[in-house]
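The sequence lines fix the lettering, A, B, ..., with proteins before strands; numbering per chain opens at 1.
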Number of protein chains: 2
Amino acid sequence: MELDQLDRDIIAALVDDARQTYAEIGQQVGLSASAVKRRVDRLRETGAITGFSARVSPQALGWTTEAYVELFCQGKTKPSDIALAVNRFPEVVAAATITGEADALLHIRATDVRHVERVIERIAAMAFVVRTKSSIVLSRLVDTPPGAAVPEARNESATPG
Amino acid sequence: MELDQLDRDIIAALVDDARQTYAEIGQQVGLSASAVKRRVDRLRETGAITGFSARVSPQALGWTTEAYVELFCQGKTKPSDIALAVNRFPEVVAAATITGEADALLHIRATDVRHVERVIERIAAMAFVVRTKSSIVLSRLVDTPPGAAVPEARNESATPG
DNA sequence: CCTGAAACGACCCCTTC
DNA sequence: GAAGGGGTCGTTTCAGG
(Lines give C-alpha, C1' and ligand atoms only; values in the text may rest on other atoms or scores of the structure.)
Protein backbone atom coordinates (compact mmCIF):
# COMPACT_ATOMS: atom_id res chain seq x y z
CA MET A 1 0.00 0.00 0.00
CA GLU A 2 0.95 3.62 -0.43
CA LEU A 3 1.63 5.94 2.49
CA ASP A 4 1.82 9.68 2.02
CA GLN A 5 3.53 12.13 4.34
CA LEU A 6 0.31 12.71 6.28
CA ASP A 7 0.06 9.00 7.04
CA ARG A 8 3.66 8.96 8.19
CA ASP A 9 3.11 11.98 10.41
CA ILE A 10 0.05 10.38 11.94
CA ILE A 11 1.95 7.16 12.58
CA ALA A 12 4.81 9.08 14.16
CA ALA A 13 2.34 10.88 16.42
CA LEU A 14 0.71 7.63 17.46
CA VAL A 15 4.03 5.94 18.10
CA ASP A 16 4.97 8.86 20.30
CA ASP A 17 1.68 8.75 22.21
CA ALA A 18 -1.07 6.33 21.27
CA ARG A 19 -3.54 7.97 23.64
CA GLN A 20 -3.65 11.34 21.99
CA THR A 21 -7.09 12.33 20.79
CA TYR A 22 -7.78 12.54 17.08
CA ALA A 23 -8.19 16.28 17.47
CA GLU A 24 -4.71 16.61 18.97
CA ILE A 25 -3.16 14.55 16.19
CA GLY A 26 -5.10 16.62 13.70
CA GLN A 27 -3.56 19.81 15.03
CA GLN A 28 -0.08 18.39 14.64
CA VAL A 29 -0.51 17.14 11.09
CA GLY A 30 -2.99 19.75 9.84
CA LEU A 31 -6.18 17.75 9.55
CA SER A 32 -9.56 17.58 11.23
CA ALA A 33 -10.24 14.94 13.85
CA SER A 34 -12.54 13.05 11.52
CA ALA A 35 -9.97 12.98 8.75
CA VAL A 36 -7.37 11.68 11.14
CA LYS A 37 -9.69 8.94 12.35
CA ARG A 38 -10.47 7.85 8.78
CA ARG A 39 -6.76 7.56 8.06
CA VAL A 40 -6.02 5.73 11.29
CA ASP A 41 -8.82 3.26 10.57
CA ARG A 42 -7.38 2.71 7.10
CA LEU A 43 -3.86 2.30 8.47
CA ARG A 44 -5.14 -0.35 10.85
CA GLU A 45 -7.07 -2.17 8.11
CA THR A 46 -4.09 -2.26 5.79
CA GLY A 47 -1.82 -3.50 8.55
CA ALA A 48 0.53 -0.53 8.78
CA ILE A 49 -0.62 -0.10 12.37
CA THR A 50 -0.98 -3.49 14.02
CA GLY A 51 -2.26 -2.37 17.38
CA PHE A 52 -1.67 -0.23 20.42
CA SER A 53 0.48 -1.18 23.33
CA ALA A 54 1.72 0.15 26.64
CA ARG A 55 5.44 0.80 26.83
CA VAL A 56 6.76 -0.77 30.00
CA SER A 57 10.07 -0.43 31.76
CA PRO A 58 11.58 -3.93 31.87
CA GLN A 59 13.52 -2.89 34.98
CA ALA A 60 10.34 -1.96 36.80
CA LEU A 61 8.95 -5.39 36.02
CA GLY A 62 12.03 -7.13 37.32
CA TRP A 63 13.73 -7.86 33.99
CA THR A 64 17.07 -6.33 34.83
CA THR A 65 19.37 -8.47 32.71
CA GLU A 66 19.51 -9.13 28.99
CA ALA A 67 21.69 -11.17 26.70
CA TYR A 68 22.20 -12.00 23.05
CA VAL A 69 22.77 -15.63 22.20
CA GLU A 70 24.06 -16.97 18.91
CA LEU A 71 22.68 -20.37 18.04
CA PHE A 72 24.65 -22.91 16.05
CA CYS A 73 22.35 -25.66 14.81
CA GLN A 74 22.59 -29.02 13.13
CA GLY A 75 22.72 -28.97 9.35
CA LYS A 76 19.12 -29.75 8.57
CA THR A 77 17.45 -27.56 11.19
CA LYS A 78 14.53 -25.57 9.75
CA PRO A 79 13.86 -21.98 10.86
CA SER A 80 10.39 -23.07 11.87
CA ASP A 81 11.90 -25.63 14.23
CA ILE A 82 13.92 -22.92 15.92
CA ALA A 83 10.91 -20.62 16.04
CA LEU A 84 8.73 -23.29 17.61
CA ALA A 85 11.35 -24.11 20.20
CA VAL A 86 12.35 -20.63 21.33
CA ASN A 87 8.78 -19.38 21.35
CA ARG A 88 8.19 -21.52 24.40
CA PHE A 89 10.59 -19.38 26.40
CA PRO A 90 9.04 -16.11 27.53
CA GLU A 91 12.57 -14.90 28.17
CA VAL A 92 13.30 -14.95 24.43
CA VAL A 93 11.91 -11.60 23.37
CA ALA A 94 13.34 -11.68 19.86
CA ALA A 95 14.87 -14.24 17.55
CA ALA A 96 15.96 -14.31 13.94
CA THR A 97 17.87 -16.48 11.56
CA ILE A 98 20.91 -14.64 10.28
CA THR A 99 23.76 -14.80 7.82
CA GLY A 100 27.24 -15.60 9.03
CA GLU A 101 28.63 -18.40 11.15
CA ALA A 102 25.71 -18.68 13.55
CA ASP A 103 22.30 -19.86 12.39
CA ALA A 104 20.18 -17.72 14.66
CA LEU A 105 20.43 -14.86 17.11
CA LEU A 106 18.27 -14.73 20.22
CA HIS A 107 17.56 -11.74 22.43
CA ILE A 108 16.87 -12.76 26.01
CA ARG A 109 15.47 -10.79 28.93
CA ALA A 110 15.74 -12.26 32.41
CA THR A 111 15.65 -11.28 36.04
CA ASP A 112 19.37 -11.71 36.67
CA VAL A 113 22.49 -13.33 35.29
CA ARG A 114 21.69 -16.62 36.97
CA HIS A 115 18.34 -16.63 35.24
CA VAL A 116 20.00 -15.96 31.89
CA GLU A 117 22.28 -18.88 32.55
CA ARG A 118 19.40 -21.23 33.27
CA VAL A 119 17.60 -20.25 30.07
CA ILE A 120 20.69 -20.66 27.92
CA GLU A 121 21.25 -24.03 29.55
CA ARG A 122 17.81 -25.15 28.53
CA ILE A 123 18.16 -23.80 25.03
CA ALA A 124 21.53 -25.45 24.60
CA ALA A 125 19.97 -28.72 25.67
CA MET A 126 17.59 -28.76 22.71
CA ALA A 127 18.23 -31.53 20.21
CA PHE A 128 19.06 -29.42 17.17
CA VAL A 129 21.40 -27.05 19.01
CA VAL A 130 25.07 -27.81 18.47
CA ARG A 131 26.44 -24.95 20.52
CA THR A 132 25.68 -21.44 21.69
CA LYS A 133 27.66 -18.25 22.11
CA SER A 134 26.30 -15.70 24.53
CA SER A 135 26.93 -12.04 25.21
CA ILE A 136 25.52 -10.39 28.29
CA VAL A 137 24.37 -6.82 27.81
CA LEU A 138 26.46 -4.42 29.88
CA SER A 139 24.54 -1.24 29.15
CA ARG A 140 21.83 -0.38 26.70
CA LEU A 141 22.79 2.59 24.54
CA VAL A 142 19.82 2.87 22.21
CA ASP A 143 16.31 1.49 22.42
CA THR A 144 14.19 3.17 19.80
CA PRO A 145 10.46 2.73 19.81
CA PRO A 146 10.34 1.79 16.12
CA GLY A 147 8.33 3.71 13.57
CA ALA A 148 9.44 7.25 14.21
CA ALA A 149 11.84 7.37 11.30
CA VAL A 150 10.80 7.87 7.72
CA PRO A 151 12.69 5.86 5.13
CA GLU A 152 10.96 7.15 2.02
CA ALA A 153 11.81 10.74 2.75
CA ARG A 154 15.40 9.91 1.79
CA ASN A 155 16.80 11.27 5.01
CA GLU A 156 18.15 7.82 5.60
CA SER A 157 20.53 8.94 8.25
CA ALA A 158 22.18 11.90 9.71
CA THR A 159 25.64 12.48 8.38
CA PRO A 160 27.74 12.24 11.52
CA GLY A 161 31.18 13.71 11.36
CA MET B 1 8.51 0.13 43.82
CA GLU B 2 6.29 -2.81 44.61
CA LEU B 3 3.98 -4.35 42.03
CA ASP B 4 1.27 -6.77 43.08
CA GLN B 5 -0.46 -9.27 40.83
CA LEU B 6 -3.22 -6.78 40.03
CA ASP B 7 -0.64 -4.33 38.71
CA ARG B 8 0.95 -7.04 36.59
CA ASP B 9 -2.40 -8.11 35.18
CA ILE B 10 -3.25 -4.53 34.31
CA ILE B 11 0.11 -4.05 32.61
CA ALA B 12 -0.34 -7.27 30.66
CA ALA B 13 -3.78 -6.11 29.54
CA LEU B 14 -2.41 -2.74 28.43
CA VAL B 15 0.52 -4.29 26.60
CA ASP B 16 -1.93 -6.49 24.76
CA ASP B 17 -4.18 -3.56 23.86
CA ALA B 18 -3.52 -0.08 25.14
CA ARG B 19 -6.86 1.21 23.89
CA GLN B 20 -9.04 -0.95 26.07
CA THR B 21 -11.30 1.03 28.33
CA TYR B 22 -10.68 1.03 32.06
CA ALA B 23 -13.96 -0.81 32.48
CA GLU B 24 -12.83 -3.60 30.16
CA ILE B 25 -9.54 -3.95 31.96
CA GLY B 26 -11.42 -3.93 35.23
CA GLN B 27 -13.55 -6.86 34.13
CA GLN B 28 -10.42 -8.84 33.26
CA VAL B 29 -8.60 -8.17 36.51
CA GLY B 30 -11.58 -7.89 38.85
CA LEU B 31 -11.67 -4.18 39.64
CA SER B 32 -13.86 -1.21 38.90
CA ALA B 33 -12.89 1.21 36.16
CA SER B 34 -11.91 3.88 38.67
CA ALA B 35 -9.66 1.53 40.59
CA VAL B 36 -7.97 0.53 37.35
CA LYS B 37 -7.42 4.14 36.39
CA ARG B 38 -5.92 4.95 39.76
CA ARG B 39 -3.48 2.08 39.40
CA VAL B 40 -2.60 2.98 35.83
CA ASP B 41 -1.95 6.58 36.89
CA ARG B 42 0.28 5.33 39.67
CA LEU B 43 2.10 2.95 37.33
CA ARG B 44 2.80 5.84 35.00
CA GLU B 45 4.01 8.09 37.81
CA THR B 46 6.37 5.48 39.14
CA GLY B 47 7.73 4.74 35.68
CA ALA B 48 6.59 1.15 35.34
CA ILE B 49 4.52 2.25 32.35
CA THR B 50 6.50 4.75 30.29
CA GLY B 51 3.85 5.56 27.73
CA PHE B 52 1.50 4.25 25.09
CA SER B 53 2.55 3.56 21.58
CA ALA B 54 1.17 2.35 18.29
CA ARG B 55 2.60 -0.93 17.09
CA VAL B 56 3.66 -0.47 13.49
CA SER B 57 4.65 -2.99 10.88
CA PRO B 58 8.17 -2.08 9.78
CA GLN B 59 7.48 -3.71 6.43
CA ALA B 60 4.49 -1.49 5.81
CA LEU B 61 6.69 1.53 6.46
CA GLY B 62 9.32 0.36 4.04
CA TRP B 63 11.81 -1.09 6.54
CA THR B 64 12.11 -4.51 4.94
CA THR B 65 15.67 -5.39 5.91
CA GLU B 66 17.40 -5.68 9.25
CA ALA B 67 20.86 -6.57 10.42
CA TYR B 68 22.89 -7.05 13.57
CA VAL B 69 26.33 -5.46 13.62
CA GLU B 70 29.05 -6.23 16.12
CA LEU B 71 31.29 -3.25 16.82
CA PHE B 72 34.96 -3.63 17.71
CA CYS B 73 36.27 -0.37 19.12
CA GLN B 74 39.57 1.17 20.10
CA GLY B 75 40.75 0.43 23.61
CA LYS B 76 39.67 3.62 25.33
CA THR B 77 36.27 4.06 23.72
CA LYS B 78 33.57 4.97 26.26
CA PRO B 79 30.06 3.55 26.01
CA SER B 80 28.75 7.11 25.93
CA ASP B 81 30.87 7.79 22.86
CA ILE B 82 29.28 4.86 21.08
CA ALA B 83 25.83 5.90 22.23
CA LEU B 84 26.30 9.43 20.99
CA ALA B 85 27.57 8.26 17.64
CA VAL B 86 25.00 5.59 16.82
CA ASN B 87 22.11 7.67 18.08
CA ARG B 88 22.56 9.86 15.05
CA PHE B 89 21.56 7.02 12.77
CA PRO B 90 17.80 6.50 12.70
CA GLU B 91 18.51 3.09 11.21
CA VAL B 92 20.08 1.96 14.49
CA VAL B 93 17.00 0.90 16.44
CA ALA B 94 18.89 -0.72 19.29
CA ALA B 95 22.43 -0.77 20.61
CA ALA B 96 24.16 -2.16 23.66
CA THR B 97 27.61 -2.76 24.98
CA ILE B 98 28.16 -6.45 25.54
CA THR B 99 30.54 -8.99 26.99
CA GLY B 100 32.67 -11.08 24.67
CA GLU B 101 34.96 -10.20 21.82
CA ALA B 102 32.91 -7.36 20.40
CA ASP B 103 32.39 -4.14 22.35
CA ALA B 104 28.88 -3.38 21.19
CA LEU B 105 26.03 -4.88 19.24
CA LEU B 106 23.83 -2.76 16.98
CA HIS B 107 20.42 -3.63 15.60
CA ILE B 108 19.77 -1.92 12.28
CA ARG B 109 16.58 -1.52 10.29
CA ALA B 110 16.83 -0.33 6.70
CA THR B 111 14.91 -0.28 3.46
CA ASP B 112 17.05 -2.85 1.66
CA VAL B 113 20.42 -4.57 1.78
CA ARG B 114 22.06 -1.73 -0.09
CA HIS B 115 20.81 0.64 2.55
CA VAL B 116 22.19 -1.58 5.30
CA GLU B 117 25.51 -1.56 3.52
CA ARG B 118 25.62 2.23 3.35
CA VAL B 119 24.85 2.56 7.06
CA ILE B 120 27.48 0.03 8.08
CA GLU B 121 29.94 1.82 5.86
CA ARG B 122 29.32 5.07 7.69
CA ILE B 123 29.48 3.44 11.09
CA ALA B 124 32.71 1.67 10.21
CA ALA B 125 34.14 5.01 9.15
CA MET B 126 33.80 6.45 12.65
CA ALA B 127 37.09 7.21 14.37
CA PHE B 128 36.77 4.83 17.31
CA VAL B 129 35.60 1.86 15.25
CA VAL B 130 38.32 -0.69 14.52
CA ARG B 131 36.17 -3.14 12.62
CA THR B 132 32.62 -4.44 12.31
CA LYS B 133 31.04 -7.83 11.82
CA SER B 134 27.56 -7.86 10.36
CA SER B 135 24.80 -10.43 10.11
CA ILE B 136 21.81 -9.81 7.89
CA VAL B 137 18.52 -11.09 9.26
CA LEU B 138 17.10 -13.82 7.03
CA SER B 139 13.79 -14.31 8.81
CA ARG B 140 12.40 -13.06 12.07
CA LEU B 141 11.21 -15.90 14.27
CA VAL B 142 10.10 -14.09 17.42
CA ASP B 143 9.26 -10.48 18.07
CA THR B 144 7.61 -10.21 21.44
CA PRO B 145 5.98 -7.01 22.54
CA PRO B 146 7.79 -6.97 25.89
CA GLY B 147 5.99 -6.92 29.20
CA ALA B 148 3.54 -9.76 28.81
CA ALA B 149 5.56 -12.17 30.89
CA VAL B 150 5.69 -12.12 34.66
CA PRO B 151 9.07 -12.82 36.19
CA GLU B 152 8.08 -12.68 39.82
CA ALA B 153 5.45 -15.37 39.40
CA ARG B 154 8.32 -17.85 39.08
CA ASN B 155 7.00 -19.26 35.83
CA GLU B 156 10.32 -18.28 34.36
CA SER B 157 9.88 -20.39 31.29
CA ALA B 158 7.97 -23.23 29.85
CA THR B 159 9.76 -26.52 30.08
CA PRO B 160 10.17 -27.46 26.44
CA GLY B 161 10.88 -31.05 25.62
C1' DC C 1 -23.50 17.67 13.98
C1' DC C 2 -25.49 14.40 17.33
C1' DT C 3 -25.64 10.60 20.28
C1' DG C 4 -23.67 7.20 23.38
C1' DA C 5 -19.82 6.11 25.97
C1' DA C 6 -15.65 6.68 28.31
C1' DA C 7 -12.58 9.47 31.12
C1' DC C 8 -12.06 12.13 35.12
C1' DG C 9 -12.66 13.94 39.66
C1' DA C 10 -15.28 14.16 44.01
C1' DC C 11 -17.03 11.75 47.65
C1' DC C 12 -17.82 7.84 50.79
C1' DC C 13 -16.75 3.31 52.61
C1' DC C 14 -13.84 -0.29 54.22
C1' DT C 15 -9.70 -2.11 55.88
C1' DT C 16 -5.34 -1.97 58.32
C1' DC C 17 -1.79 -0.39 61.11
C1' DG D 1 -7.51 7.99 63.76
C1' DA D 2 -4.93 8.37 59.80
C1' DA D 3 -3.71 6.48 55.37
C1' DG D 4 -4.30 3.62 51.46
C1' DG D 5 -7.21 1.38 48.31
C1' DG D 6 -11.81 0.40 46.25
C1' DG D 7 -16.61 1.46 44.77
C1' DT D 8 -20.27 4.92 43.18
C1' DC D 9 -21.91 8.89 41.07
C1' DG D 10 -22.04 13.22 38.23
C1' DT D 11 -19.85 16.04 34.80
C1' DT D 12 -17.10 16.79 30.77
C1' DT D 13 -15.03 15.32 26.82
C1' DC D 14 -14.19 12.21 23.12
C1' DA D 15 -15.27 8.54 19.73
C1' DG D 16 -18.06 7.11 16.08
C1' DG D 17 -21.55 7.48 12.82
Side-chain angles (χ1 to χ4, degrees), chain A residues 1-64 111 145-148 150, chain B residues 1-57 60-61 145-155:
Chain A
M1 79 162 293
E2 199 63 19
L3 297 177
D4 62 15
Q5 194 54 44
L6 243 26
D7 289 323
R8 295 171 188 281
D9 290 346
I10 290 172
I11 289 172
L14 283 174
V15 167
D16 181 59
D17 179 6
R19 289 209 160 180
Q20 286 175 103
T21 65
Y22 291 126
E24 286 169 335
I25 299 170
Q27 279 188 320
Q28 295 175 42
V29 305
L31 285 179
S32 74
S34 301
V36 172
K37 175 177 161 36
R38 273 194 295 272
R39 281 178 179 259
V40 171
D41 287 345
R42 183 169 56 80
L43 289 168
R44 297 195 63 174
E45 279 168 17
T46 59
I49 295 175
T50 61
F52 301 94
S53 185
R55 281 193 301 265
V56 300
S57 158
Q59 281 80 8
L61 281 165
W63 304 95
T64 59
T111 54
V150 183
Chain B
M1 80 162 293
E2 198 64 19
L3 296 178
D4 62 13
Q5 194 55 44
L6 243 26
D7 289 323
R8 294 172 190 281
D9 291 345
I10 290 171
I11 289 173
L14 284 173
V15 167
D16 181 58
D17 179 6
R19 288 208 160 181
Q20 286 176 101
T21 65
Y22 291 127
E24 285 169 335
I25 297 170
Q27 279 189 322
Q28 296 174 43
V29 304
L31 285 180
S32 73
S34 299
V36 172
K37 173 176 160 38
R38 270 195 295 269
R39 280 177 178 260
V40 171
D41 287 344
R42 183 171 53 82
L43 288 168
R44 298 195 63 175
E45 279 168 16
T46 59
I49 294 176
T50 61
F52 300 94
S53 187
R55 281 193 301 264
V56 300
S57 159
L61 280 166
V150 183
E152 194 152 339
R154 278 287 161 245
N155 55 346

With sequence neighbours left out, the residues meeting side-chain hydrogen bond (donor to acceptor under 3.5 Å, both in side chains) with A/Gln59 are none
At a heavy-atom distance below 4.0 Å, which nucleotide of DNA chain C is the first touched by chain B, and which is the last?
C/dA6 to C/dG9
Near DNA chain D, under 4.0 Å by heavy atom, which residues of residues 22-43 of chain A?
A/Tyr22, A/Lys37
Reported CG-to-CZ distance for the pair B/Asp9 and B/Arg39, which is rounded to 0.5 angstrom
9.5 Å
How would you list, by chain and number, every residue that makes a salt bridge (charged side-chain N to carboxylate O under 4.0 Å, His left out) with A/Arg42, sequence neighbours excluded?
A/Asp7
Report the residues that fulfil side-chain contact (heavy atoms from CB on, under 4.5 Å) with A/Arg38, sequence neighbours left out, ordered by chain and then residue number.
A/Ser34, A/Ala35
Set of side-chain hydrogen bond (donor to acceptor under 3.5 Å, both in side chains) partners for B/Arg44, sequence neighbours left out
none
Applying salt bridge (charged side-chain N to carboxylate O under 4.0 Å, His left out) as the test, list every pair that has at least one member in residues 11-35 of chain A; sequence neighbours left out.
none
Spacing between A/Gln20 atom CD and D/dC14 atom P, to the nearest angstrom
12 Å
State which residues pass side-chain hydrogen bond (donor to acceptor under 3.5 Å, both in side chains) with B/Gln28; sequence neighbours excluded, sorted by chain then number.
B/Gln20
Please list, chain by chain and in numerical order, all residues satisfying salt bridge (charged side-chain N to carboxylate O under 4.0 Å, His left out) with A/Asp41, sequence neighbours excluded.
A/Lys37
